[in-house]
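Here is the structure we will look at.
Just so you know, these numbers come straight off a predicted model, no measurement behind them. We count residues from 1, following the sequence as given.
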Amino acid sequence: VQDCAGTWGGDAVVDECGVCGGDGALEGYTCNGIPELFVYNGSSQQAFYYFYTVTINSANVDADDWVGAFNGDICVGARQWDTSLCGGSVCDLAVMGDDGYPETEGYMQLGEIPTFKIYDVSEDRTYSAFPSNNYAFADAQIFFVDELSGMLDYELSLHEGTNLVSFYTLPDDNSIENVIGECPGNIAAVLTEGMAAACINDQWIGTLIEIDLTDGYWILADNPDTLTGYGTNYDPGRVYDLHYGANLISYSSLGSADLSSSIPDDVEDMFLSILSEGSAAMNTEEGWVGSLKTFDAGVGYWAIVSDDLS
(Lines give C-alpha, C1' and ligand atoms only; values in the text may rest on other atoms or scores of the structure.)
Protein backbone atom coordinates (compact mmCIF):
# COMPACT_ATOMS: atom_id res chain seq x y z
CA VAL A 1 0.00 0.00 0.00
CA GLN A 2 1.27 3.45 -0.88
CA ASP A 3 1.22 6.23 1.68
CA CYS A 4 0.17 9.79 0.80
CA ALA A 5 3.68 10.54 -0.50
CA GLY A 6 3.49 7.61 -2.93
CA THR A 7 5.93 5.46 -0.99
CA TRP A 8 5.11 1.77 -0.94
CA GLY A 9 4.86 0.62 2.65
CA GLY A 10 5.49 4.17 3.89
CA ASP A 11 3.81 5.68 6.95
CA ALA A 12 3.27 9.28 5.82
CA VAL A 13 -0.31 10.45 6.38
CA VAL A 14 -2.24 13.59 5.59
CA ASP A 15 -2.45 15.85 8.64
CA GLU A 16 -5.43 17.90 9.79
CA CYS A 17 -4.38 20.72 7.46
CA GLY A 18 -4.34 18.50 4.39
CA VAL A 19 -0.54 18.30 4.18
CA CYS A 20 1.05 14.94 3.51
CA GLY A 21 3.53 14.18 6.28
CA GLY A 22 2.79 17.50 7.95
CA ASP A 23 2.70 18.21 11.66
CA GLY A 24 -0.72 19.85 11.63
CA ALA A 25 -1.58 23.31 12.90
CA LEU A 26 0.53 24.95 15.58
CA GLU A 27 -1.07 24.79 19.00
CA GLY A 28 -3.51 27.68 19.39
CA TYR A 29 -3.66 28.39 15.64
CA THR A 30 -5.78 27.29 12.69
CA CYS A 31 -4.28 25.65 9.62
CA ASN A 32 -4.24 29.11 8.03
CA GLY A 33 -2.02 30.48 10.81
CA ILE A 34 -4.77 32.49 12.51
CA PRO A 35 -4.91 32.49 16.33
CA GLU A 36 -7.96 30.47 17.34
CA LEU A 37 -9.30 33.34 19.48
CA PHE A 38 -9.30 35.58 16.39
CA VAL A 39 -11.28 33.36 14.01
CA TYR A 40 -14.46 34.94 12.59
CA ASN A 41 -16.89 34.61 9.70
CA GLY A 42 -17.36 37.15 6.92
CA SER A 43 -20.56 39.19 6.70
CA SER A 44 -22.26 41.40 4.15
CA GLN A 45 -22.51 44.05 6.88
CA GLN A 46 -19.15 45.63 7.62
CA ALA A 47 -17.67 48.73 9.21
CA PHE A 48 -13.99 49.69 8.94
CA TYR A 49 -11.98 50.99 11.88
CA TYR A 50 -8.66 52.66 11.02
CA PHE A 51 -6.05 52.75 13.82
CA TYR A 52 -3.15 55.13 13.26
CA THR A 53 -1.17 53.63 16.14
CA VAL A 54 -1.49 50.25 17.87
CA THR A 55 0.57 49.73 21.03
CA ILE A 56 1.14 47.32 23.90
CA ASN A 57 2.41 48.96 27.06
CA SER A 58 3.10 52.12 25.02
CA ALA A 59 5.32 50.27 22.47
CA ASN A 60 4.22 49.71 18.88
CA VAL A 61 3.08 46.17 18.13
CA ASP A 62 5.20 43.91 15.92
CA ALA A 63 4.26 43.04 12.36
CA ASP A 64 3.25 39.49 13.30
CA ASP A 65 0.91 40.56 16.13
CA TRP A 66 -2.86 40.42 15.70
CA VAL A 67 -5.69 42.86 16.39
CA GLY A 68 -9.22 41.54 16.85
CA ALA A 69 -12.67 43.08 17.33
CA PHE A 70 -15.22 41.46 19.61
CA ASN A 71 -18.87 41.61 20.51
CA GLY A 72 -18.75 40.13 24.00
CA ASP A 73 -16.76 36.92 23.63
CA ILE A 74 -17.43 36.59 19.89
CA CYS A 75 -14.69 37.63 17.47
CA VAL A 76 -16.21 39.80 14.72
CA GLY A 77 -13.06 40.74 12.83
CA ALA A 78 -9.29 40.33 12.96
CA ARG A 79 -6.12 41.28 11.12
CA GLN A 80 -2.42 40.62 11.47
CA TRP A 81 -1.03 44.12 12.07
CA ASP A 82 1.74 44.40 9.48
CA THR A 83 1.59 48.09 8.58
CA SER A 84 4.10 47.62 5.75
CA LEU A 85 1.27 46.00 3.80
CA CYS A 86 -1.13 48.91 4.35
CA GLY A 87 -1.24 52.18 2.43
CA GLY A 88 0.38 55.01 4.36
CA SER A 89 1.37 52.44 7.01
CA VAL A 90 -2.15 52.72 8.46
CA CYS A 91 -4.22 49.53 8.60
CA ASP A 92 -7.96 49.10 8.88
CA LEU A 93 -9.89 46.44 10.76
CA ALA A 94 -13.10 45.18 9.15
CA VAL A 95 -15.73 44.64 11.85
CA MET A 96 -18.57 42.30 10.91
CA GLY A 97 -22.24 42.81 11.62
CA ASP A 98 -25.13 40.37 12.02
CA ASP A 99 -26.57 40.01 8.50
CA GLY A 100 -29.22 37.48 9.47
CA TYR A 101 -27.33 34.33 8.54
CA PRO A 102 -26.51 31.69 11.17
CA GLU A 103 -22.77 32.22 10.66
CA THR A 104 -23.01 35.80 11.97
CA GLU A 105 -25.37 35.24 14.89
CA GLY A 106 -24.22 37.38 17.81
CA TYR A 107 -22.20 39.75 15.61
CA MET A 108 -22.48 43.55 15.78
CA GLN A 109 -25.84 45.26 15.66
CA LEU A 110 -26.44 48.88 14.72
CA GLY A 111 -25.37 51.15 17.60
CA GLU A 112 -23.33 48.54 19.48
CA ILE A 113 -19.72 49.38 20.35
CA PRO A 114 -17.09 46.71 19.62
CA THR A 115 -14.31 45.88 22.03
CA PHE A 116 -10.77 45.00 20.96
CA LYS A 117 -7.94 42.64 21.84
CA ILE A 118 -4.31 42.41 20.77
CA TYR A 119 -2.45 39.12 20.55
CA ASP A 120 1.31 39.41 21.11
CA VAL A 121 2.80 36.50 19.18
CA SER A 122 6.27 36.69 20.75
CA GLU A 123 4.85 36.56 24.28
CA ASP A 124 1.90 34.29 23.43
CA ARG A 125 -0.29 36.68 25.40
CA THR A 126 -3.60 38.41 24.69
CA TYR A 127 -4.16 41.97 25.88
CA SER A 128 -7.38 43.91 26.27
CA ALA A 129 -7.15 46.96 24.02
CA PHE A 130 -8.74 50.37 24.39
CA PRO A 131 -9.31 52.86 21.55
CA SER A 132 -8.72 56.56 22.07
CA ASN A 133 -12.24 57.05 20.65
CA ASN A 134 -15.23 54.71 20.67
CA TYR A 135 -17.48 54.48 17.63
CA ALA A 136 -20.72 52.53 17.47
CA PHE A 137 -21.08 50.00 14.68
CA ALA A 138 -22.94 51.02 11.53
CA ASP A 139 -22.92 49.18 8.22
CA ALA A 140 -20.74 50.55 5.41
CA GLN A 141 -19.11 53.20 7.62
CA ILE A 142 -15.47 54.19 8.15
CA PHE A 143 -14.09 55.34 11.50
CA PHE A 144 -10.68 56.84 12.28
CA VAL A 145 -9.05 56.20 15.67
CA ASP A 146 -5.78 57.79 16.78
CA GLU A 147 -4.58 54.96 19.00
CA LEU A 148 -5.47 51.47 20.17
CA SER A 149 -3.69 50.73 23.45
CA GLY A 150 -3.17 47.17 24.64
CA MET A 151 -3.22 46.70 28.40
CA LEU A 152 -2.72 43.68 30.61
CA ASP A 153 -5.67 42.89 32.83
CA TYR A 154 -5.70 41.44 36.32
CA GLU A 155 -8.38 39.58 38.24
CA LEU A 156 -7.88 38.84 41.93
CA SER A 157 -10.38 36.58 43.67
CA LEU A 158 -10.99 37.51 47.31
CA HIS A 159 -12.58 35.33 49.97
CA GLU A 160 -14.39 36.62 53.03
CA GLY A 161 -11.87 37.82 55.60
CA THR A 162 -8.20 38.71 55.08
CA ASN A 163 -6.50 38.07 51.74
CA LEU A 164 -2.75 38.43 51.10
CA VAL A 165 -2.48 39.71 47.53
CA SER A 166 -0.28 41.71 45.16
CA PHE A 167 -0.52 43.28 41.71
CA TYR A 168 1.64 42.61 38.62
CA THR A 169 0.16 45.58 36.78
CA LEU A 170 -1.84 48.65 37.79
CA PRO A 171 -3.71 51.48 36.07
CA ASP A 172 -2.07 54.89 35.79
CA ASP A 173 -4.45 56.05 38.52
CA ASN A 174 -3.23 53.78 41.31
CA SER A 175 -5.14 55.53 44.09
CA ILE A 176 -6.82 53.29 46.61
CA GLU A 177 -10.21 54.61 45.48
CA ASN A 178 -9.56 53.58 41.88
CA VAL A 179 -7.87 50.22 42.51
CA ILE A 180 -9.74 48.96 45.58
CA GLY A 181 -13.03 50.82 45.10
CA GLU A 182 -15.16 53.48 46.64
CA CYS A 183 -15.92 53.59 50.35
CA PRO A 184 -18.21 52.19 51.61
CA GLY A 185 -18.01 48.98 49.63
CA ASN A 186 -17.25 45.34 50.24
CA ILE A 187 -13.66 46.01 51.36
CA ALA A 188 -13.27 47.37 54.88
CA ALA A 189 -9.50 47.84 55.11
CA VAL A 190 -6.20 47.45 53.26
CA LEU A 191 -2.90 46.91 55.11
CA THR A 192 0.68 46.83 53.88
CA GLU A 193 4.07 47.06 55.54
CA GLY A 194 3.92 50.10 57.84
CA MET A 195 0.77 51.63 56.28
CA ALA A 196 -2.96 51.03 56.27
CA ALA A 197 -6.24 52.40 54.95
CA ALA A 198 -9.65 51.90 56.54
CA CYS A 199 -13.11 52.67 55.24
CA ILE A 200 -14.69 54.89 57.92
CA ASN A 201 -17.68 57.20 57.58
CA ASP A 202 -17.82 56.84 53.79
CA GLN A 203 -14.17 57.69 53.17
CA TRP A 204 -10.76 56.03 53.07
CA ILE A 205 -8.58 57.22 55.92
CA GLY A 206 -4.99 56.40 56.87
CA THR A 207 -1.46 56.64 55.48
CA LEU A 208 -2.03 54.21 52.60
CA ILE A 209 -3.34 56.30 49.70
CA GLU A 210 -1.82 54.53 46.65
CA ILE A 211 -1.24 50.91 45.65
CA ASP A 212 2.34 50.03 44.63
CA LEU A 213 3.47 47.25 42.31
CA THR A 214 6.31 46.15 44.58
CA ASP A 215 4.24 45.73 47.74
CA GLY A 216 2.02 43.00 49.09
CA TYR A 217 -1.33 43.81 50.73
CA TRP A 218 -3.68 42.32 53.27
CA ILE A 219 -7.20 43.08 52.02
CA LEU A 220 -10.11 42.66 54.44
CA ALA A 221 -13.26 41.74 52.51
CA ASP A 222 -16.70 41.54 54.09
CA ASN A 223 -17.84 39.06 51.42
CA PRO A 224 -16.26 37.13 48.52
CA ASP A 225 -15.31 39.56 45.79
CA THR A 226 -13.18 40.03 42.67
CA LEU A 227 -10.82 42.91 41.97
CA THR A 228 -10.32 43.61 38.27
CA GLY A 229 -8.47 46.24 36.31
CA TYR A 230 -5.96 47.00 33.56
CA GLY A 231 -2.44 48.37 33.44
CA THR A 232 0.41 49.25 31.07
CA ASN A 233 3.32 48.86 33.49
CA TYR A 234 3.86 45.10 33.56
CA ASP A 235 7.54 44.34 34.20
CA PRO A 236 8.51 40.80 35.27
CA GLY A 237 12.11 42.01 35.69
CA ARG A 238 11.17 44.54 38.36
CA VAL A 239 13.90 45.29 40.94
CA TYR A 240 13.04 44.97 44.64
CA ASP A 241 14.94 46.88 47.31
CA LEU A 242 14.64 44.87 50.52
CA HIS A 243 15.71 45.84 54.01
CA TYR A 244 16.93 43.64 56.83
CA GLY A 245 14.06 41.70 58.40
CA ALA A 246 10.52 41.26 57.13
CA ASN A 247 9.44 42.78 53.79
CA LEU A 248 5.86 42.55 52.49
CA ILE A 249 6.35 42.24 48.73
CA SER A 250 4.56 41.38 45.50
CA TYR A 251 5.30 38.84 42.79
CA SER A 252 5.90 40.78 39.59
CA SER A 253 5.19 38.14 36.96
CA LEU A 254 2.26 36.26 35.48
CA GLY A 255 2.05 32.54 36.11
CA SER A 256 4.15 30.72 38.68
CA ALA A 257 7.81 29.98 39.33
CA ASP A 258 9.62 27.95 41.96
CA LEU A 259 11.25 29.88 44.77
CA SER A 260 14.88 29.11 44.01
CA SER A 261 14.77 29.98 40.30
CA SER A 262 12.95 33.25 41.05
CA ILE A 263 15.58 34.58 43.46
CA PRO A 264 18.98 35.65 42.03
CA ASP A 265 21.71 33.22 42.99
CA ASP A 266 23.96 35.93 44.42
CA VAL A 267 21.43 36.87 47.11
CA GLU A 268 19.45 33.66 47.63
CA ASP A 269 21.42 32.70 50.74
CA MET A 270 20.31 36.01 52.32
CA PHE A 271 16.66 34.92 52.16
CA LEU A 272 15.87 33.19 55.46
CA SER A 273 12.20 32.41 54.89
CA ILE A 274 9.18 33.35 52.78
CA LEU A 275 5.62 33.36 54.08
CA SER A 276 2.31 33.70 52.30
CA GLU A 277 -1.31 33.26 53.28
CA GLY A 278 -1.45 29.79 54.83
CA SER A 279 1.96 28.56 53.68
CA ALA A 280 5.65 29.16 54.30
CA ALA A 281 9.14 28.05 53.26
CA MET A 282 12.49 28.13 55.04
CA ASN A 283 15.88 28.33 53.34
CA THR A 284 18.14 25.56 54.65
CA GLU A 285 21.46 24.01 53.69
CA GLU A 286 19.46 21.37 51.84
CA GLY A 287 17.43 23.98 49.98
CA TRP A 288 13.94 25.36 50.45
CA VAL A 289 11.66 23.32 52.71
CA GLY A 290 8.03 23.85 53.67
CA SER A 291 4.57 23.97 52.15
CA LEU A 292 5.30 27.06 50.01
CA LYS A 293 6.83 25.87 46.74
CA THR A 294 6.23 28.66 44.21
CA PHE A 295 5.69 32.35 43.72
CA ASP A 296 2.29 32.92 42.09
CA ALA A 297 0.73 35.86 40.27
CA GLY A 298 -1.57 37.98 42.39
CA VAL A 299 -0.22 36.70 45.71
CA GLY A 300 1.61 38.71 48.39
CA TYR A 301 4.61 37.45 50.39
CA TRP A 302 6.55 38.21 53.54
CA ALA A 303 10.24 37.88 52.62
CA ILE A 304 12.58 37.61 55.64
CA VAL A 305 16.13 38.55 54.73
CA SER A 306 19.38 38.75 56.71
CA ASP A 307 20.62 42.05 55.27
CA ASP A 308 19.67 44.93 52.98
CA LEU A 309 19.68 43.82 49.33
CA SER A 310 18.33 44.47 45.81
Side-chain angles (χ1 to χ4, degrees), residues 154-222 225-229 231 233-253 257 259 262-264 266-283 288 290-292 294-310:
Y154 60 85
E155 182 175 306
L156 303 182
S157 297
L158 306 178
H159 56 76
E160 180 181 350
T162 52
N163 302 257
L164 184 52
V165 306
S166 68
F167 298 84
Y168 47 81
T169 191
L170 285 169
D172 292 336
D173 179 4
N174 63 333
S175 65
I176 191 168
E177 292 87 357
N178 188 55
V179 177
I180 302 299
E182 296 295 330
C183 167
N186 185 44
I187 295 175
V190 182
L191 299 79
T192 190
E193 184 184 343
M195 295 185 293
C199 177
I200 302 294
N201 296 328
D202 298 345
Q203 66 175 339
W204 288 105
I205 64 171
T207 53
L208 179 60
I209 59 176
E210 292 182 336
I211 303 300
D212 191 278
L213 285 169
T214 61
D215 294 335
Y217 296 91
W218 285 103
I219 296 181
L220 177 57
D222 294 330
D225 203 349
T226 303
L227 286 180
T228 60
N233 42 19
Y234 176 68
D235 180 10
R238 193 175 305 280
V239 175
Y240 290 80
D241 295 317
L242 307 185
H243 58 77
Y244 165 78
N247 300 257
L248 186 52
I249 64 172
S250 67
Y251 178 58
S252 63
S253 184
L259 302 181
S262 301
I263 301 173
D266 60 335
V267 296
E268 185 173 0
D269 61 347
M270 300 170 67
F271 281 75
L272 305 179
S273 58
I274 299 174
L275 299 81
S276 188
E277 183 181 345
S279 59
M282 180 175 294
N283 196 3
W288 289 95
S291 58
L292 180 63
T294 60
F295 289 114
D296 299 299
V299 178
Y301 299 91
W302 281 106
I304 318 299
V305 297
S306 60
D307 203 347
D308 297 346
L309 61 92
S310 294

*asked:* For the backbone of Ser250 and the side chain of Tyr168, can you confirm whether one donor and one acceptor N or O come within less than 3.5 Å of each other?
replied: no

*What is the minimum heavy-atom distance between Trp204 and Glu177, and which atoms define it?*
CD1-CG, 3.8 Å

_If you define the side chain from C-beta out and look only at heavy atoms, does anything of Ile187 sit under 4.5 Å from Leu158?_
yes

_Donor-acceptor pair, side chain of Ser276 and main chain of Ser279, under 3.5 angstrom_ = no

*Rounded distance [0.5 Å steps], NE2 in His243 versus CG in Asp307*: 12.0 Å

_How long is the straight-line distance from CG of Leu213 back to CD1 of Ile249, given to the nearest 0.5 Å?_
13.0 Å

_Are Phe167 and Val179 packed together at the side-chain level, in the sense that at least one heavy-atom pair is separated by less than 4.5 angstrom?_
yes

_Under the criterion side-chain contact (heavy atoms from CB on, under 4.5 Å), I'd like the reasoning laid out for Glu193 against Asp215: C-alpha separation, chi angles, the key distance, then a yes or no._
CA-CA 8 Å; Glu193 184 184 343; Asp215 294 335; 6.0 Å; no

*Are Tyr240 and Ser310 close enough, and set up right, to give a side-chain contact (heavy atoms from CB on, under 4.5 Å), and what steps lead you there?*
CA-CA 5 Å; Tyr240 290 80; Ser310 294; over 6 Å; no

*Between Tyr217 and Asp212, is there a donor-acceptor pair closer than 3.5 Å when you use the side chain of the first and the backbone of the second?*
yes

_Nearest-0.5 Å distance that lies between atom CG in Asn247 and atom CD1 in Ile304_ = 7.5 Å

*Do Asp241 and Thr214 come close enough that some side-chain heavy atom pair is under 4.5 Å?*
no

_On a heavy-atom basis, which atom in Leu191 and which in Leu248 lie closest, and how many Å separate them?_
O-CD2, 4.5 Å

*Got more than 12 heavy atoms from elsewhere within 6.0 Å of CG, Asn201?*
no

*Before giving the answer on side-chain contact (heavy atoms from CB on, under 4.5 Å), spell out for Val299 and Glu277 the whole-Å C-alpha distance, their side-chain angles and the decisive distance to 0.1 Å.*
CA-CA 8 Å; Val299 178; Glu277 183 181 345; over 6 Å; no

*Check whether any side-chain heavy atom of Ser253 sits under 4.5 Å from a side-chain heavy atom of Tyr234, and report yes or no.*
yes

*How are the rings of Phe295 and Tyr251 set relative to one another: parallel (under 30°), tilted (30 to 60°) or perpendicular (over 60°)?*
parallel

*Heavy-atom donor-acceptor pair, Asp202 side chain to Ile200 backbone, under 3.5 Å*: no

_Polar side-chain atom of Asn233 near backbone of Thr169 as donor-acceptor pair, under 3.5 Å_ = no

*Can you name the closest pair of heavy atoms from Gly278 and Ser291 and give their distance?*
O-OG, 4.4 Å

*asked:* For the backbone of Ala221 and the side chain of Asn186, can you confirm whether one donor and one acceptor N or O come within less than 3.5 Å of each other?
replied: no

*Calculate, to the nearest 0.5 Å, the distance between atoms CG and OG belonging to Asp235 and Ser252 respectively.*
7.0 Å

*asked:* Quick check on Tyr244: does its OH atom have over 12 non-hydrogen neighbours (other residues, nucleotides or ligands) under 6.0 Å away?
replied: no

_So does Met270 get a backbone contact from the side chain of Asn283, meaning a donor-acceptor N/O pair under 3.5 Å?_
no

*Nearest 0.5 Å, what's the CG-OG distance between Asp296 and Ser166?*
9.5 Å

_Main-chain N/O of Asp173 paired with Asn178 side-chain donor or acceptor, under 3.5 Å_ = yes

_Other residues, nucleotides, ligands: >12 heavy atoms within 6.0 Å of Met282 CE_ = no

*asked:* Under the criterion side-chain contact (heavy atoms from CB on, under 4.5 Å), I'd like the reasoning laid out for Ile263 against Ile274: C-alpha separation, chi angles, the key distance, then a yes or no.
replied: CA-CA 11 Å; Ile263 301 173; Ile274 299 174; 3.9 Å; yes

*With distance as the sole test, does Asn163 use its side chain to make a donor-acceptor pair with the main-chain N or O of Ile219 at under 3.5 Å?*
yes

_Glu160 to Asp222 - nearest heavy-atom pair and separation_ = CG-O, 3.3 Å

*What heavy-atom pair brings Asp269 and Asp266 nearest, and what distance separates the two atoms?*
OD1-O, 4.2 Å

*For the pair Trp218 (side chain) and Ala189 (backbone), establish whether a donor and an acceptor sit closer than 3.5 Å, ignoring hydrogens and angles.*
no

*Where is the tightest heavy-atom contact between Thr294 and Leu259, given as atom of each residue plus distance?*
C-CD2, 3.8 Å

